[in-house]
Each structure stands twice: as C-alpha cells, then as structure tokens.
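Scroll down for the structure; my scribbles are underneath it.
Positions are given from 1 along the sequence. In this text, all values refer to a predicted model and were calculated from it rather than measured experimentally.
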Amino acid sequence: NGTEYFLTMQSRKRRLDHYYAVYRRNQRFSEEGESFVPWRRENNVVLGQYGVRYPLDIFQSLRATSTIRRDRVQYLATDQTALEDAPAPERTQRIGLRLEYVFDNTVDLALNLRQGSRMKFYTEYYKSFSASLDPKFEFDIAKGFMGVAGIDARHYLKIDKRSILAFRLAGAVSFGRDKILYYLGGTDNWLLPAFNNNIPTPTDPAGFVTLANNLRGFDINIRNGNAYVLTNAELRIPVFRYFSERIGSPFFRNFQAVAFFDAGTAWSGPDPYSDENPLNTTTFPENPTVFTPVTARVVYFRDPLVFSYGVGARMLLFGYLIRLDYAWGLETRLVQEPKLHISLGLDF
C-alpha cells in the first residue's frame with residue numbers, strides 16, 4: 001500500500017563517529033467517504049537525522065542525535081466529491097534531540113546467545129514548528145513540547161558452556177503536551193497481533209502511540225499510559241548442541257528451548273494506583289450525550305501489575321529467527337487462558 005526508502009551513512013575515521021540518515025515512507029489507505037467511491041488517504045513521512053557518538057572506552061559511549069521530521073496527511077482526488085469536499089492536507093513538522101549513554105561489554109556466543117551486560121539511558125526532546133515558502137517564507141514555533149526519559153538494561157549470565165540466563169529491565173516516561181501512549185502486551189514483530197478493547201485509554205489525546213514489549217500471555221493493551229516499567233527473564237537452551245557441536249543444519253544448530261517470566265505495568269498520572277489512571281475508573285455510560293440524565297464515575301481496584309510465564313522455542317527458518325511463545329498471563333491474581341505468540345526477531 002505504499003513505498004519506503006532509507007539511506008544511512010556512518011563515518012568512523014576518527015574517534016568522534018558521525019551518523020547520517022534520510023528516511024521516507026508513503027502509505028495509502030481506503031476509507032468511507034461522502035460518495036459511493038471509497039476515499040484514499042495518503043500518509044507521508046520524511047525524516048532526516050544527524051548524530052555523533054563519542055566513545056569513552058571500548059565499552060562506553062555518549063551519543064547525540066538530532067532529528068527533523070515532516071508528516072503530511074492528505075486525501076487523493078478519487079472522484080469529484082473527494083476533490084471538492086475532502087479535508088485540506090494536514091502537515092506537522094518537528095525537530096528533536098536525543099541524548100544517550102550506552103554501555104556494552106557483551107560477547108556473542110552464538111545466535112541469540114550472549115554473555116555480559118549492556119544498558120542504555122536516554123532522554124529525548126521534540127518540538128513542533130511550522131515553516132512555509134508559499135507565498136513567502138514563514139516560520140512559527142508551536143506551543144508545548146514532548147519529552148521522554150528511559151532506560152533499557154540487559155544482563156546475560158552463562159550457566160554452562162551452552163545455555164544462558166537473560167534478564168532485562170526497561171522503562172520510560174513521557175511528559176509535556178504531546179505525550180507518548182505506551183501499549184503493554186504481546187511481543188515485538190507479532191505476526192498475528194490482537195488488541196484488547198476492554199482496557200480504557202486516557203481521555204487526553206496522545207501525540208504518539210508505541211508498543212512496550214515483550215509481555216507475553218496477553219493481547220496488546222493489557223495496560224497503557226504515558227509511563228511503563230517492564231522486566232523479562234529467559235532461560236535459553238540450545239538443545240541440539242548438547243549432542244554435537246558439529247551440526248551443519250542452521251535449523252538444528254540454532255534451535256533453542258526457552259522458559260520465561262515477564263512482569264510489567266503502564267500508567268497515567270503520578271503512579272499506577274492513582275485515581276487519574278483510567279485503569280482504576282470507569283464512567284457509565286461510556287459515551288454520555290446531552291440526553292443522558294445521570295452519569296456515574298466508578299472507582300474500583302484492578303491490580304496495575306501484570307505477570308506472565310511460559311515456555312517457547314527459537315528456530316532459524318529462511319534466514320529469520322522465528323519465536324514461538326506459549327504463555328499464561330496473570331492479571332489481578334487470576335490466571336488467564338494460555339496464548340500462543342508467533343513473532344520474529346532476536347533477544348527480547
């Protein structure tokens with residue numbers, strides 16, 4: 001339904017590394033319009049980045065990345081009605097800065113098997129602006145901003161010559177006028193994703209929406225908010241390498257059995273137990289009108305922390321690492337029906 005291009009270049013000739021990137025994505029979607037002919041909505045994103053990285057030693061580095069981004073949403077003239085009545089194009093322009101501290105002393109033992117630790121502390125700042133050249137140059141800074149602060153720390157513990165224990169702690173908080181809404185649940189690159197519509201979301205519109213994974217055993221949106229904390233633990237066992245180290249087949253050489261435990265929460269407001277968290281309040285009816293005589297706001301307890309445990313497998317097929325996870329979720333002290341996740345990707 002569109003095109004996507006990107007170009008990256010890195011210069012590592014001296015101690016200060018330079019990073020350049022240009023990205024463009026164009027997508028088209030069909031939706032109902034004011035005539036029998038479906039309207040076509042086009043989303044266009046153009047992004048440019050420049051970054052520098054200063055290594056403190058072979059394990060640590062400081063990084064800074066600047067970003068300029070333009071988003072445009074417009075309706076195509078699929079018929080006369082769309083040409084005359086479709087909304088005008090919407091354009092959003094932003095500049096941003098990301099600062100990071102990165103530590104990484106991990107050593108690759110095999111595919112998806114490491115030893116050591118790595119962590120990243122980061123903060124981001126984005127500001128909207130408006131720039132136009134037609135009919136003359138105009139520049140305007142919009143009110144408000146979006147800020148993010150977060151951490152992603154991982155430790156890999158070797159328990160024998162082949163198997164490892166992997167641990168991860170991740171979290172982030174978004175602040176400012178245009179916050180990020182984090183959806184907790186599911187896995188990264190989930191091939192058959194499902195969304196949970198029973199969990200309410202904040203009434204304030206979010207500037208951005210993203211996933212905070214992995215939290216297996218649940219659909220996406222088991223918890224949501226502008227802040228989240230998540231921890232994962234996995235035991236990774238390369239089963240067939242215990243029988244022989246001279247396995248020629250990539251499938252059997254990289255096959256891993258996995259046991260895991262996930263825990264996390266996401267919230268809006270000062271803390272997960274605050275009344276400002278939509279998880280703890282419900283309004284009846286949900287969509288009141290001027291004809292609704294009475295509305296009720298009910299505050300009740302739902303444990304913001306969710307847990308999951310299960311088993312899985314990792315296998316290399318056609319150059320992709322396939323992740324199979326069979327998990328039982330635990331919500332408000334109740335074990336949920338087991339759920340199978342099929343996804344792609346390395347590590348957590």
Side-chain angles (χ1 to χ4, degrees), residues 1-10 19-51 65-98 124 126-134 142 146 148 172 174 178-197 201 205-214 219-221 224 317-323 341-346:
N1 65 346
T3 57
E4 190 171 26
Y5 306 92
F6 68 92
L7 174 67
T8 63
M9 183 179 72
Q10 298 187 49
Y19 170 82
Y20 308 87
V22 177
Y23 172 83
R24 182 184 186 275
R25 184 184 67 195
N26 203 74
Q27 293 178 294
R28 294 182 176 182
F29 305 92
S30 295
E31 59 182 54
E32 294 184 1
E34 298 181 2
S35 63
F36 294 103
V37 179
W39 284 7
R40 297 280 286 171
R41 175 171 51 87
E42 182 180 78
N43 295 357
N44 179 267
V45 176
V46 179
L47 182 146
Q49 286 187 331
Y50 167 70
T65 305
S66 59
T67 301
I68 183 169
R69 171 171 174 163
R70 195 285 316 270
D71 293 77
R72 184 189 66 208
V73 179
Q74 67 179 9
Y75 287 88
L76 306 181
T78 52
D79 62 359
Q80 190 68 25
T81 304
L83 176 64
E84 297 175 352
D85 300 336
E90 296 182 8
R91 294 178 177 86
T92 305
Q93 297 155 322
R94 294 181 176 89
I95 54 175
L97 177 65
R98 179 184 178 100
E124 298 177 80
Y126 290 93
K127 183 75 173 179
S128 298
F129 70 96
S130 176
S132 176
L133 297 175
D134 186 22
M146 186 194 76
V148 181
S174 175
D178 299 325
K179 297 183 179 68
I180 296 178
L181 179 62
Y182 297 99
Y183 283 127
L184 204 63
T187 61
D188 283 325
N189 302 315
W190 192 359
L191 296 184
L192 300 171
F195 192 85
N196 187 342
N197 292 302
T201 58
F208 298 92
V209 174
T210 190
L211 302 178
N213 290 327
N214 299 312
D219 294 336
I220 297 171
N221 192 38
N224 64 68
L317 290 175
F318 308 110
Y320 294 94
L321 187 69
I322 309 298
R323 304 160 49 100
H341 301 275
I342 304 176
S343 52
L344 303 175
L346 297 167

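- Counting only heavy atoms from C-beta outward, the side chains of Glu4 and Gln27 never approach each other to under 4.5 Å.
- Within the 4.5 Å cutoff, no side-chain heavy atoms of Phe195 are placed close to those of Asp219.
- Looking at Asn214 and Arg323, their side chains come closer than 4.5 Å, going by heavy atoms from C-beta outward.
- In Glu31, the CD atom is crowded: over 12 heavy atoms of neighbouring residues, nucleotides or ligands sit closer than 6.0 Å.
- The shortest distance between side-chain heavy atoms of Tyr183 and Thr201 falls below 4.5 Å.
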Yes or no on side-chain contact (heavy atoms from CB on, under 4.5 Å) for Trp190 and Leu211, after CA distance, side-chain angles and deciding distance? CA-CA 11 Å; Trp190 192 359; Leu211 302 178; over 6 Å; no
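- A 4.5 Å side-chain heavy-atom check between Ile180 and Met146 finds at least one atom pair inside the cut-off.
- In plain terms, the two heavy atoms of Ser128 and Asp178 that are nearest each other are OG-OD2, 4.2 Å.
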Apply the test side-chain contact (heavy atoms from CB on, under 4.5 Å) to residues Thr8 and Tyr20: give CA-CA distance (whole Å), side-chain angles for both, the deciding distance (0.1 Å), then the verdict. CA-CA 6 Å; Thr8 63; Tyr20 308 87; over 6 Å; no
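- Among all heavy-atom pairs drawn from Gly186 and Asn213, the shortest one is O-OD1, 3.5 Å.
- Separating the CD atom in Glu124 from the CZ atom in Arg98 is a distance of 4.0 Å, to the nearest 0.5 Å.
- Annotation: the span from Tyr5 atom OH to Asn26 atom CG amounts to 9.0 Å, rounded to 0.5 Å.
- Residues Asn197 and Asn221 have side chains not in contact (no heavy-atom distance under 4.5 Å, counting atoms from C-beta outward).
- Between the CZ atom of Arg69 and the CZ atom of Arg94 there is a distance of 7.0 Å, given to the nearest 0.5 Å.
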With side-chain hydrogen bond (donor to acceptor under 3.5 Å, both in side chains) as the criterion, how do Ser30 and Arg40 come out once you've worked through the C-alpha distance, each side chain's angles and the decisive distance to 0.1 Å? CA-CA 5 Å; Ser30 295; Arg40 297 280 286 171; 2.9 Å; yes
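- Counting only heavy atoms from C-beta outward, the side chains of Asn43 and Val45 never approach each other to under 4.5 Å.
- Taking CG of Leu344 as the start and OH of Tyr320 as the end, the distance is 7.5 Å to the nearest 0.5 Å.
- With rounding to the nearest 0.5 Å, the separation of CG in Leu191 from CD1 in Ile322 is 6.5 Å.
- Within the 4.5 Å cutoff, side-chain heavy atoms of Ile95 are placed close to those of Ile68.
- The closest side-chain donor-acceptor pair between Arg25 and Thr3, if any, does not fall under 3.5 angstrom.
- Here CG of Leu97 is found 9.0 Å from OH of Tyr126. Values are rounded to the nearest 0.5 Å.
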